[in-house]
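Here is the structure we will look at, set down as structure tokens.
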There are 2 protein chains.
Amino acid sequence: MRIALLGGTGDIGEGLALRWAYHTDHEVVIGSRDPEKARAKAEEYETELSSRGVDRKINGFENAMAADRARVVVLAVPAYHATDTVESIADSLDDETILVTPATGMKRDDDGFHYNRPGAGSVTQLVANAAPETVPVVGAFHNLAAGRLADLDTDLGIDTLLVADDPDAKDIVSLLADDIDGLRPLDAGGLNNAAEVESLTPLLINVAMHNDGLHDLGVRFE
Amino acid sequence: MRIALLGGTGDIGEGLALRWAYHTDHEVVIGSRDPEKARAKAEEYETELSSRGVDRKINGFENAMAADRARVVVLAVPAYHATDTVESIADSLDDETILVTPATGMKRDDDGFHYNRPGAGSVTQLVANAAPETVPVVGAFHNLAAGRLADLDTDLGIDTLLVADDPDAKDIVSLLADDIDGLRPLDAGGLNNAAEVESLTPLLINVAMHNDGLHDLGVRFE
């Protein structure tokens with residue numbers, strides 16, 4: 001399956017690109033607003049994989065071209081770029097495309113990080129509102145610590161939560177998550193449940209900040 | 001240490017009462033608006049413990065009397081009763097008392113449960129606003145599934161998150177949590193971080209609702 005990681009030059013995009021390229025046979029494509037940067041990062045990932053004995057071709061393109069013909073498009077961009085990015089690639093999306101959003105909105109004060117809930121209800125809902133009506137949106141991969149994800153020497157051993165209103169799209173993304181060693185996908189229900197999923201990200205940062213020895217935290221539901 | 005569980009006849013109060021009485025030497029006192037009900041439940045807990053070979057005296061009183069001379073007072077009441085309960089016991093609190101609140105606000109729709117954030121910012125902050133200024137408030141025990149907590153045959157193996165602005169009060173409640181076998185207290189920072197902690201409760205319910213085989217869920221930060 002072809003997976004496009006838009007914002008694939010950023011840290012969460014890097015982690016997902018490396019994990020899918022390392023653990024699976026899916027075709028991974030890196031997208032960026034700047035195609036040169038996309039190509040440079042894609043080459044970096046190829047080098048990293050090659051150093052581990054895995055020879056994979058990873059292409060880098062401008063976002064709309066990366067999204068073109070991808071079955072799954074991951075919006076690995078900051079929340080404030082999510083709707084712009086969807087609009088910039090709208091012509092590359094068709095009924096077969098699934099949009100995946102891992103972004104969450106946060107603000108910081110002296111105590112720590114806080115969920116900055118958008119008026120739409122969640123960042124996932126913002127993306128769904130910006131997407132063409134026929135394109136299903138899945139919220140997933142919000143709560144993965146980027147450093148841990150990108151370090152292929154680290155076993156993950158954590159869960160990721162999925163929200164979507166389209167059950168088939170959710171199933172496909174769930175299988176893609178399950179393809180990554182040590183990552184367990186869990187169904188958190190419909191898009192209306194996205195805010196509680198997105199709120200987990202600032203909580204993980206706060207817990208890591210306030211407890212010695214805990215960093216790059218993930219979560220297990222038990 | 002004397003611990004008063006107000007609303008100790010409800011399910012989360014029952015679980016904490018049984019766990020502290022079973023695993024520790026702390027004196028456990030049950031509070032209720034109805035002293036008869038408090039006494040009846042306290043006797044039930046004594047019988048349950050006795051059946052496991054643990055003979056403990058557990059007293060039951062009206063809330064204000066239960067809170068009197070307790071070092072730690074746990075408000076194991078629904079969120080909409082939290083401030084009323086604080087006001088009804090205000091005369092029993094002194095500078096040595098620590099108030100603990102495990103309540104969270106939730107609403108439900110067809111998709112699942114949602115965090116119903118109070119205007120004050122969190123239920124923990126609501127309690128802090130209602131408490132006398134000299135009484136420190138600690139948010140803790142929000143994310144414990146009541147059924148699992150009350151079943152002494154079940155190993156917990158989960159974390160609980162603490163928020164407070166008073167570090168000494170937080171340390172004392174953290175030690176009390178740590179006294180319960182299988183429960184790991186983690187510091188989630190100041191009271192301003194309470195909303196993200198309280199949001200975890202509806203998320204746990206939603207994940208349990210949407211995944212076969214998962215119920216009475218807790219969480220581990222790893």
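Proteins come first, then strands; the chains are lettered A, B, ... in the order of their sequence lines, and each starts at number 1. On a predicted model such as this, the values are computed, not experimentally measured, just so you know.
In this structure, R220(A) does not pair ionically with D159(B), as no charged nitrogen and carboxylate oxygen lie closer than 4.0 Å.
The side-chain heavy atoms of V197(A) and L203(B), taken from C-beta on, include a pair separated by under 4.5 Å.
Using modelled atom types, one finds a donor on one side chain and an acceptor on the other under 3.5 Å when comparing D94(A) with T97(A). Side chains of H114(A) and D109(A): a donor-acceptor N/O pair is present below 3.5 angstrom, by distance only.
For the options V207(A), N193(A), N206(A), V219(A), heavy-atom pairs under 4.5 Å to chain B are most numerous at N193(A).
Heavy atoms closer than 4.5 Å to chain B are found in both the backbone and the side chain of L217(A). Using a 4.5 Å cut-off between heavy atoms, L200(A) touches chain B through its side chain atoms alone. Interface residue L161(B): only side-chain heavy atoms are found under 4.5 Å from chain A.
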